[in-house]
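Worksheet for the structure shown next.
Please read these numbers as outputs of a predicted model, since none were measured by experiment. The sequence lines fix the lettering, A, B, ..., with proteins before strands; numbering per chain opens at 1. Hydrogens, waters and symmetry mates play no part in the numbers below; they use all other heavy atoms, side chains included.
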2 protein chains.
Amino acid sequence: MFCHVPPRPRNAEATRAAILDAARERFARESYDDVGMRDIAGDVGVDAALVSRYFGSKEDLFTAVLDSCSNGSELMEGDRSEFGRRVAREVVFEPAKEGKLKGLLIMLRSVGSTKAMELVQRTGSERFFNPFAAWVGGEDAAVRARLASATIMGMAVSREITGGFDLSPAECERMVGRMAVILQDIIDG
Amino acid sequence: MFCHVPPRPRNAEATRAAILDAARERFARESYDDVGMRDIAGDVGVDAALVSRYFGSKEDLFTAVLDSCSNGSELMEGDRSEFGRRVAREVVFEPAKEGKLKGLLIMLRSVGSTKAMELVQRTGSERFFNPFAAWVGGEDAAVRARLASATIMGMAVSREITGGFDLSPAECERMVGRMAVILQDIIDG
DNA sequence: GCCGGTAGTCAACGCCCGGTGACTTAATGG
DNA sequence: CCATTAAGTCACCGGGCGTTGACTACCGGC
């Protein structure tokens, strides 16, 4: 006992990146308000002061996280005709851990803090919705893109609120099936 | 100046009810964390201490608000064949003020605070989903009910995140149309 | 007309948060 | 091998929160 953990090698850039990663992870799992600077710092194994030093304010860190998130492009890669099935499966079954939808998760977790939502609103449109709408294409692309993303987020929220879906695995499977159809229809027009 | 507002007549029951109303209103507009006891008290025109006195803790007040919310039964009243159109219109256009979906709004705003979500999870299922599923009826009622409510909440979240939808009125109208179809299809099976 | 109890207020407490400046420690170049 | 400088820590501040106990003002009954 009293054995010290080996101190992290002194490397500002790596530490900064580690902090950013930890913050992204935290913000994807908990809301803006629930995540504390001390939590993030603790994940990395540094002092909370360092986080402030590197990223300025908490809001600055949050926007940095948003910027560092993939702009949802994973949604659009892969076979387009499989879009519904693929996304439905991910949003229903993915344990929110290694999911590709981290950016989306962070966005919906920001429903709550007024500050976080302002920041999300600023980046959300151009970084996510507009590219997505462009990919969706066709008649009323903006409307259909918004409809699709709303449906996806709705499922995520619903899972959050009920803690899982409290449905049987078989029911979940059928839900995925139904949702896949809905999403695919939206995408196809 | 120095004119005092007429003091509210001393009536414990009425004051208690007023506090509950104000709290419900607040929790429907802002997240659990963003709403302060002092805010609620201020809305009613009483001291924050009184809120604590009447309802115990903030969590107790929140659960009292949840209990006081209509269990979403407004969703189910009215012509069933008009369900999709009616709900879609409400969730897209309703300024979240006098909407019938206040309970739903509060639920989705609780995505954030860990504490609030626990409380919502406790009451959400039996008070909202189960009756709704019963009303939906038919094959896979639970799945379809969850799908419908997820869709509705998704739209609400989406509106929150983007602050309105940043779509033109005409586009909003078309979105309502599309969403109405989706919802109606879910309900009809 | 006073008086007891209840409705409501006031001031304060303890807590936790984000943020800052002074300090310590480790790596690096000569 | 040491000086310098960057990397990281520590103690602490100010502020806002929920909550509490002591206080005040009102009102119905004698």
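With rounding to whole Å, B:I40 atom CD1 is found 16 Å from D:dG16 atom C1'. The NZ-P distance, from B:K58 to D:dG16, rounds to 15 Å in whole Å. Regarding B:D34, its CG atom lies at a distance of 15 Å from the C1' atom of D:dG18, rounded to whole Å. Nucleotide D:dC17 holds its C1' atom 17 Å from the CZ atom of B:F62, rounded to whole Å. The nearest whole Å value for the distance from the CD1 atom in B:I19 to the C1' atom in D:dG18 is 15 Å. What separates CG of A:D33 from P of C:dC17 is a distance of 12 Å, to the nearest Å. One atom, CE of B:M37, and another, P of C:dC15, lie 18 Å apart when rounded to the nearest Å.
Relative to the ring axis of A:F55, A:R16 places its NZ or CZ within 45° and under 6.0 Å from the centre.
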Without placing hydrogens or testing angles, list every side-chain donor-acceptor pair under 3.5 Å for residues 162-170 of chain B, not counting sequence neighbours.
| from | atom 1 | to | atom 2 | distance (Å) |
| --- | --- | --- | --- | --- |
| B:T162 | OG1 | B:S158 | O | 2.9 |
| B:T162 | OG1 | B:G164 | O | 2.4 |
| B:D166 | OD1 | A:R146 | NH2 | 3.1 |
| B:D166 | OD2 | A:S125 | OG | 3.2 |
| B:S168 | OG | B:E171 | N | 3.1 |
| B:S168 | OG | B:E171 | OE1 | 3.4 |

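A salt bridge does not link A:E160 with A:R29: every distance from a Lys NZ or Arg NE/NH1/NH2 to an Asp or Glu carboxylate oxygen is 4.0 Å or more.
Out of D:dA7, C:dG19, D:dC10, the shortest distance to the side chain of A:D47 is found at D:dC10. Closest to the A:R38 side chain, of the nucleotides C:dG19, D:dG21, D:dA25, is C:dG19. Between C:dG18, C:dG8, C:dG21, one nucleotide has an atom nearer to the side chain of A:R53 than all others, and that is C:dG21. In the set D:dT9, C:dA27, C:dG8, the nucleotide with an atom closest to the side chain of A:R10 is C:dA27. Of the candidates D:dT9, C:dG19, C:dG8, C:dG8 carries the atom nearest the B:L50 side chain, counting heavy atoms from C-beta on.
Note on A:T15: a side-chain N or O is less than 4.0 Å away from OP1 or OP2 of D:dG8. Using a 4.0 Å cut-off, no side-chain N or O of B:S52 falls inside it from OP1 or OP2 of D:dT20. Contact annotation: A:Y54 side-chain N/O to D:dA7 OP1/OP2 distance is not under 4.0 Å.
Considering only heavy atoms from C-beta on, B:I161 comes within 4.5 Å of A:M153 through its side chain. Looking at heavy atoms from C-beta onward, B:Y32 lies in side-chain contact with B:E59 at the 4.5 angstrom threshold.
Counting any heavy atom pair closer than 4.0 Å across all strands shown, A:V35 reaches sugar-phosphate atoms only and no base atom. When heavy atoms are screened at a 4.0 angstrom cut-off, B:F55 is found touching no nucleic acid atom at all. A:A49 comes within 4.0 angstrom of a base, heavy atoms only.
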